[in-house]
Amino acid sequence: MNAVELHNVYQQYGAMAVLDNISLTLAEGEVMGLFGHNGAGKTTTVRLILGLLQASSGDVRVLGGTPGDSDVRRQIGFLPENVMFYPQLTGRETLQHFARLKSASKQQVDELLEQVGLVAASSKRVKTYSKGMRQRLGLAQALLGRPRLLLLDEPTVGLDPIATQELYQVIGRLRSEGTSIIICSHVLPGVEPYIDRAAVLALGRMEAVGSLQELRTQAKLPVRIRVAGLNAEQLSDPAVQEIRSLHADWHELFVAPDDKLATLQRVLQLQPQDIEVQAATLEDLYGYYMEKAGALGVAGVQQ
């Protein structure tokens, strides 16, 4: 059973179409990145999954049931982009409050405080917490009840690099336990290693869905080959689309994916000092699909 199924979903606010014929599935134990420009429809999609909105037309199924159903909601964890808690409550009191709402065990409160590194601050009022601490508390509340579906909107905001890595370790563990996860994030390089598939929304339409390798195959963006110890004349070849000079003795070659192996073999015969290969990144793919959709003028940074 898929955790999320959207079929031919339209969403309108008055005469304005926010989602235009969206179809999307999220499998059990899958981590999906949901990306798009401001106003692309990401927040609306999340609200439909949470049952906070009803689709104008089309079908939305969540964990085999109807979004908003009480049994379904108890199996969902949600971390919003802007976390807000009662400032006068302590961290522990905050989690205890949400545990009662979700019928989660009190024992899990202590487990989660330790898991997100807030044991020492658990007796302090939330108003004294830094942004990163509130974000970790928000993650803890999202994990109450051991959700089968987890929705994370900008989960790394305010987190330092170590806390960010710990967050993704938690996500990896949850995935191995069968939890399905949707991540919306501005930080595409940070999220890239941890998603199974990416879904790119543009102007209310689903522009692309697939693994990064599938999207690379579709987009056919050039591969970057960075070479040290050789000059541009040595590296020049009809298969090379562009050569850029980098720092020190490094040059960067741009070649079509089909020409990658042949180019590598030729360059290696020239005995370079070092060589690096970089396929199209998530940022590259995002830019490609935004341009393809005609959304570059509104893309900016993601929300």
Side-chain angles (χ1 to χ4, degrees), residues 2-6 22 24-38 40-50 52 62-63 67 75-83 115-116 131-132 134-144 146-202 206-215 281-287 289-290 299 301-303:
N2 289 321
V4 175
E5 296 181 355
L6 280 69
I22 296 295
L24 183 69
T25 61
L26 177 71
E28 183 178 357
E30 180 180 28
V31 178
M32 175 178 286
L34 180 61
F35 310 112
H37 58 79
N38 293 343
K42 303 186 303 297
T43 299
T44 298
T45 301
V46 169
R47 288 175 177 171
L48 287 169
I49 294 170
L50 290 171
L52 301 177
V62 178
L63 299 174
Q75 300 178 75
I76 298 177
F78 175 48
L79 174 63
E81 179 177 1
N82 297 307
V83 182
Q115 191 170 324
V116 301
K131 184 173 179 61
R134 291 196 303 271
Q135 193 73 4
R136 284 184 278 165
L137 186 62
L139 175 62
Q141 71 78 25
L143 297 179
L144 282 166
R146 296 178 173 83
R148 292 174 57 199
L149 172 62
L150 188 60
L151 306 175
L152 304 175
D153 193 357
E154 299 298 345
T156 61
V157 169
L159 297 183
D160 62 40
I162 293 176
T164 297
Q165 186 160 1
E166 289 173 348
L167 165 71
Y168 284 119
Q169 289 173 353
V170 170
I171 288 174
R173 178 179 57 77
L174 291 171
R175 171 171 50 188
S176 68
E177 294 172 356
T179 301
S180 304
I181 303 169
I182 294 178
I183 305 174
C184 300
S185 177
H186 293 245
V187 190
L188 302 188
V191 75
E192 179 174 345
Y194 303 101
I195 59 174
D196 299 305
R197 286 193 301 154
V200 181
L201 280 168
M206 189 61 71
E207 191 63 29
V209 181
S211 68
L212 295 186
Q213 187 54 50
E214 289 170 341
L215 298 187
T281 65
L282 179 56
E283 280 190 317
D284 296 330
L285 293 165
Y286 176 79
Y289 285 109
M290 288 297 106
V301 294
Q302 299 167 300
Q303 73 174 27

Exercise. Out of curiosity, Thr44 OG1 to Leu52 CG, how far, rounded to the nearest 0.5 Å?
Worked result: 11.0 Å
Exercise. Does a side-chain heavy-atom distance below 4.5 Å link Gln75 with Leu149?
Worked result: no
For this session: Look at the side chain of Ser180 and the backbone N and O of Ala27, then say whether any donor-acceptor pair between them is shorter than 3.5 Å.
Result: yes
Exercise. Backbone N or O of Arg148 within a donor-acceptor pair of the Glu177 side chain at under 3.5 Å?
Worked result: no
For this session: Would you name the heavy atoms of Gly178 and Glu28 that are closest together and state the gap between them?
Result: O-CG, 3.4 Å
Exercise. Between the main-chain N or O of Asp160 and the side-chain N or O of Thr164, is there a donor-acceptor pair closer than 3.5 Å?
Worked result: yes
For this session: Check Leu50, Ile183, Ile181 against Leu151 for a side chain to side chain contact (heavy atoms under 4.5 Å, CB included) and give me the one that passes.
Result: Leu50
For this session: Check the pair Ile22, Leu48 against side chain to side chain contact (heavy atoms under 4.5 Å, CB included), reporting the backbone distance first and the verdict last.
Result: CA-CA 12 Å; Ile22 296 295; Leu48 287 169; over 6 Å; no
Problem set entry | Flag, side chain of Asp196 to backbone of Val31, donor-acceptor distance under 3.5 Å | yes
Exercise. Taking all non-hydrogen atoms of both residues, which atom of Leu188 and which atom of Leu282 are closest, and how far apart?
Worked result: O-CD2, 3.7 Å
Problem set entry | Nearest-0.5 Å distance, CD of residue Glu81 to OG1 of residue Thr43 | 7.5 Å
Exercise. Hey, mind stepping through Met206 and Leu201 against side chain to side chain contact (heavy atoms under 4.5 Å, CB included) and telling me if it holds?
Worked result: CA-CA 5 Å; Met206 189 61 71; Leu201 280 168; 3.8 Å; yes
Exercise. Passes side chain to side chain contact (heavy atoms under 4.5 Å, CB included), Met290 versus Val200? Steps please.
Worked result: CA-CA 8 Å; Met290 288 297 106; Val200 181; 3.5 Å; yes
For this session: Please step through side chain to side chain contact (heavy atoms under 4.5 Å, CB included) for the pair Ile49 and Leu6, ending with a clear verdict.
Result: CA-CA 9 Å; Ile49 294 170; Leu6 280 69; 4.3 Å; yes
Problem set entry | Side chains of Val170 and Leu143 in contact at under 4.5 Å (non-hydrogen atoms) | yes
Seminar exercise, completed: Note: Pro80 and Gln141 closest approach over all heavy atoms is CD-NE2, 4.5 Å
Exercise. Should Thr25 and Arg197 count as side-chain neighbours, where that means a heavy-atom distance under 4.5 Å?
Worked result: yes
Problem set entry | Contact summary for Gly138 and Leu79, nearest pair of heavy atoms | C-CD1, 3.5 Å
For this session: Give a yes or no answer on whether the side chain of Gln165 reaches the backbone of Ile162 with a donor-acceptor pair at less than 3.5 Å.
Result: no
Exercise. Given the side-chain rings of Phe35 and Tyr286, with only the six-membered ring counted for Trp, is the space between their centroids under 6.0 Å?
Worked result: no
Exercise. Do Val46 and Lys42 have side-chain heavy atoms sitting under 4.5 Å apart?
Worked result: no
For this session: With sequence neighbours left out, write down each residue that passes side-chain hydrogen bond (donor to acceptor under 3.5 Å, both in side chains) with Tyr289, or none if nothing qualifies.
Result: Gln218
Problem set entry | Interatomic distance, Thr281 atom OG1 to Leu212 atom CG [nearest 0.5 angstrom] | 9.0 Å
Problem set entry | Over all atoms of both residues, closest heavy-atom pair of Gly190 and Pro193 | O-CD, 3.4 Å
Exercise. Which atom pair, heavy atoms only, marks the closest approach of Ile195 to Gly33?
Worked result: CG2-N, 3.8 Å
Problem set entry | Note, Thr156 side chain near Val191 side chain (heavy atom, < 4.5 Å) | no
Exercise. Between atom CD of Glu207 and atom CG of Leu215, what is the distance when rounded to the nearest 0.5 Å?
Worked result: 11.0 Å
Exercise. Is the side chain of Ser185 donor-acceptor paired with the backbone N or O of Pro155 at a distance under 3.5 Å, no angle test?
Worked result: no
Exercise. Does Leu24 reach the side chain of Val4, with side-chain heavy atoms less than 4.5 Å apart?
Worked result: no
Problem set entry | Nearest-0.5 Å distance, OG1 of residue Thr179 to CD of residue Glu30 | 13.0 Å
Exercise. Is there a donor-acceptor pair closer than 3.5 Å between any side-chain N or O of Gln135 and the backbone N or O of Glu154?
Worked result: yes
Exercise. Could you give the distance from CZ (Arg136) to CG (Leu139), rounded to the nearest 0.5 Å?
Worked result: 10.0 Å
